[in-house]
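Below, each value reflects all heavy atoms present in this structure, side chains not excepted, and no hydrogens, waters or symmetry copies.
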Amino acid sequence: WWWCWCIERQLVARDPRSLSSKHLVSQMKHIFKIIAMLVAVSAIWIALLETATVPRSYTWLLPIYLVVALGCYGLFMVGFGLMFFPTCPQEAVLLQQDILEAKEFLSKKGVDVGSE
């Protein structure tokens, strides 16, 4: 259970309010899901190695195929997210106002912010 202690220490270092039991339980559930998936994938891989249902030369490559498949999935999700990224015109206006305020503030302090 040393990793529980490590995670709790990291959470407290980031945000002292993270000591709440709900937040900690949520983090632990997520970690247990990841560990369960790793154990399941490892068990399937070892079973395929032992039973010889798949030729041994292919079975040794399964972890590489898994990493490549996860990479493709990640790239697909990033691309999909970029294709359907929501535009927020109101936020763009607020951002431009913040930029102008920052330029005015910096120019009052004597910083050259350019003419743009």
In one Ile/Leu/Val/Met/Phe/Trp/Tyr side-chain cluster, 4.5 Å: Leu75, Tyr73: no
Inter-residue atom distance Ile44.CD1 - Leu66.CG, 0.5 Å rounding: 10.0 Å
Point-to-point distance, once rounded to the nearest 0.5 Å, from CG of Leu94 to CD of Glu101: 9.5 Å
Connected-component partners of Leu82 among ILVMFWY, side-chain separation under 4.5 Å: Val78
Members besides Leu95 in its Ile/Leu/Val/Met/Phe/Trp/Tyr cluster (side-chain heavy atoms under 4.5 Å): Ile99
Met83 atom CE, neighbour heavy-atom count above 12 within 6.0 Å: yes
Hydrophobic cluster identity match, Met37 and Phe32, side-chain contacts under 4.5 Å: no
